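One is the number of the first residue; the rest follow in order along the sequence. None of the values given here were measured: they were computed from a predicted structure.
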Amino acid sequence: MTLTPARDTAARVPDLVPAPSPGLLRRTVCEFGLTALLLLAVVSGVRWLFAPDGYGGGGVAFALLGAGVGVLLAVLMLSAPGRWSGGQLNPAVTVALWRLGVFPGREVVPYVVAQSAGSVAGTWLAGAVWGPVVSRPPVGHAVVRPGPGWGEGAVVAAEAVVLAGSTLLLARLLARPVGRRLLPYAVGLVTALVIAVLGPLSGGSANPARQFGPALLSGEVGRLWVYVAGPVLGAVAGAGLYGRRAGALGVRLPRPPVSPRRP
């Protein structure tokens with residue numbers, strides 16, 4: 001799960017929303033590459049933490065995976081490509097930013113397509129690097145699975161609650177300059193906690209791109225809709241809740257920049 005918008009160079013506010021330059025193509029390429037790197041790291045982490053010839057799994061393995069992914073997310077968001085594109089790396093976050101009014105609606109589909117394609121590319125690359133062990137149980141391309149006793153409805157609810165809370169946190173941080181500077185670190189911490197706590201229970205995905213590539217390449221697409229619908233519904237709900245609360249408190253989020261018209 002990642003929640004960062006990109007910088008607004010015109011307003012000189014770091015890590016806000018994508019600026020008119022660089023262009024959309026360059027920013028979507030960045031989202032593709034960063035998401036591919038994220039999935040490469042996730043699948044590699046699952047391979048070495050959960051395979052029999054690695055750490056061997058367990059609750060500590062989820063905590064280690066969460067810590068590693070959290071640190072990586074902060075690094076990716078703070079990198080130059082992350083600042084160009086916003087380092088969102090999560091379709092649900094892109095939807096949340098759009099619903100919060102700080103990301104242009106016309107760019108939602110290109111971003112989601114780039115993130116989904118990056119998920120597939122990164123998962124495939126991990127298989128190419130580590131070999132057949134990635135496709136065999138218990139790794140299974142790092143596809144997210146719910147724990148015993150977790151039905152589809154419970155997983156959707158858990159994923160939705162996580163994204164609703166994350167969207168509210170994102171909005172609060174975006175509303176203040178200090179919060180915008182802390183955003184990458186907050187995202188990394190939240191992601192680490194979600195994986196460590198919910199990983200053994202609901203799966204702890206909170207990111208449709210996290211599940212898309214692994215589910216596609218492993219053939220386990222039956223529950224893919226659960227890990228897509230839950231985060232997206234939560235993002236929309238969180239943005240709606242913040243909108244009502246922000247209106248009551250008189251809080252306004254920065255608006256996305258308008259691209260200059262060409263002559």
Identify the two heavy atoms, one from Gly238 and one from Leu168, that lie closest to each other, and give their separation to 0.1 Å. O-CD2, 3.4 Å
Linking I/L/V/M/F/W/Y whenever any side-chain heavy atoms sit under 4.5 Å apart, do Val95 and Val113 land together? no
Can you confirm whether the side chains of Arg27 and Tyr111 place a donor and an acceptor under 3.5 Å from each other? yes
Going hydrophobic residue to hydrophobic residue with side-chain gaps under 4.5 angstrom, can you get from Leu189 over to Leu183? no
side-chain contact (heavy atoms from CB on, under 4.5 Å) involving Leu201 - partner list, sequence neighbours excluded: Trp150, Leu198
How far apart are the closest heavy atoms of Ser116 and Phe212, and which atoms are they? O-CD2, 3.6 Å
Taking the side chain as everything from C-beta on, heavy atoms only, tell me whether Glu159 gets closer than 4.5 Å to Val226. no
Over all heavy atoms of both residues, which pair between Val232 and Pro208 is shortest? Give the atoms and the distance, please. CG2-CG, 4.5 Å
Show which residues join Phe32 in its hydrophobic cluster (side-chain heavy-atom contacts under 4.5 Å, direct or indirect), or state none. none
Which distance, rounded to the nearest 0.5 Å, do you find between the CG of Leu38 and the CG of Leu89? 6.0 Å
With sequence neighbours excluded, what pairs up with Ser44 under the side-chain hydrogen bond (donor to acceptor under 3.5 Å, both in side chains) test? Trp130
Validation row: Leu224, Gln211 side chains within 4.5 angstrom (heavy atoms): yes
Does any pair with a residue in residues 131-147 pass side-chain hydrogen bond (donor to acceptor under 3.5 Å, both in side chains), and if so which ones, sequence neighbours excluded? Arg145-Glu220
Residue pairs involving residues 220-241 (criterion ring pair (Phe, Tyr, Trp, His ring centres under 6.0 Å); sequence neighbours excluded): none
Only pairs under 3.5 Å count here: list side-chain donor-acceptor contacts from residues 47-54, not counting sequence neighbours, and write none if there are none.
| unit_1 | atom_1 | unit_2 | atom_2 | d |
| --- | --- | --- | --- | --- |
| Arg47 | NH1 | Asp53 | OD1 | 2.9 |
| Arg47 | NH2 | Asp53 | OD2 | 2.8 |

Over all atoms of both residues, closest heavy-atom pair of Ala206 and Asn90: O-ND2, 3.0 Å
Which atom pair, heavy atoms only, marks the closest approach of Pro81 to Cys30? O-CB, 3.7 Å
Does the side chain of Leu34 reach to within under 4.5 Å of the side chain of Trp84, using non-hydrogen atoms? no
Quick one: closest heavy-atom pair of Thr167 and Gly234, and the distance? OG1-O, 4.4 Å
Are Val133 and Leu40 linked, directly or through other ILVMFWY residues, by side chains that come within less than 4.5 angstrom of each other? yes
Tell me which donor-acceptor pairs under 3.5 Å the side chains of residues 57-71 have, and how far apart each pair is, sequence neighbours excluded?
none

Grouping I, L, V, M, F, W and Y whenever their side-chain heavy atoms are under 4.5 Å apart, do Leu170 and Leu241 come out in a common cluster? yes
Grouping I, L, V, M, F, W and Y whenever their side-chain heavy atoms are under 4.5 Å apart, do Leu97 and Leu24 come out in a common cluster? yes
Which other residues belong to the hydrophobic cluster containing Leu25, where Ile, Leu, Val, Met, Phe, Trp and Tyr are joined when side-chain heavy atoms lie under 4.5 Å apart, directly or via other members? Val29
Under 4.5 Å between side-chain heavy atoms, chaining through other members, with only Ile, Leu, Val, Met, Phe, Trp and Tyr counted: pull out the rest of the cluster around Val143, sorted by chain and number. none
Would you be so kind as to tabulate the donor-acceptor pairs closer than 3.5 Å made by side chains of residues 117-124, with sequence neighbours excluded?
| unit_1 | atom_1 | unit_2 | atom_2 | d |
| --- | --- | --- | --- | --- |
| Ser119 | OG | Ala209 | O | 2.5 |
| Ser119 | OG | Gly213 | N | 2.8 |
| Thr123 | OG1 | Ser119 | O | 2.7 |

Quick one: are Asn207 and Pro231 in side-chain contact, heavy atoms under 4.5 Å? no
By side-chain hydrogen bond (donor to acceptor under 3.5 Å, both in side chains), which residues pair with Gln115, not counting sequence neighbours? Glu31, Thr94
Using the side-chain contact (heavy atoms from CB on, under 4.5 Å) criterion, which residues pair with Ala164? Sequence neighbours excluded. none
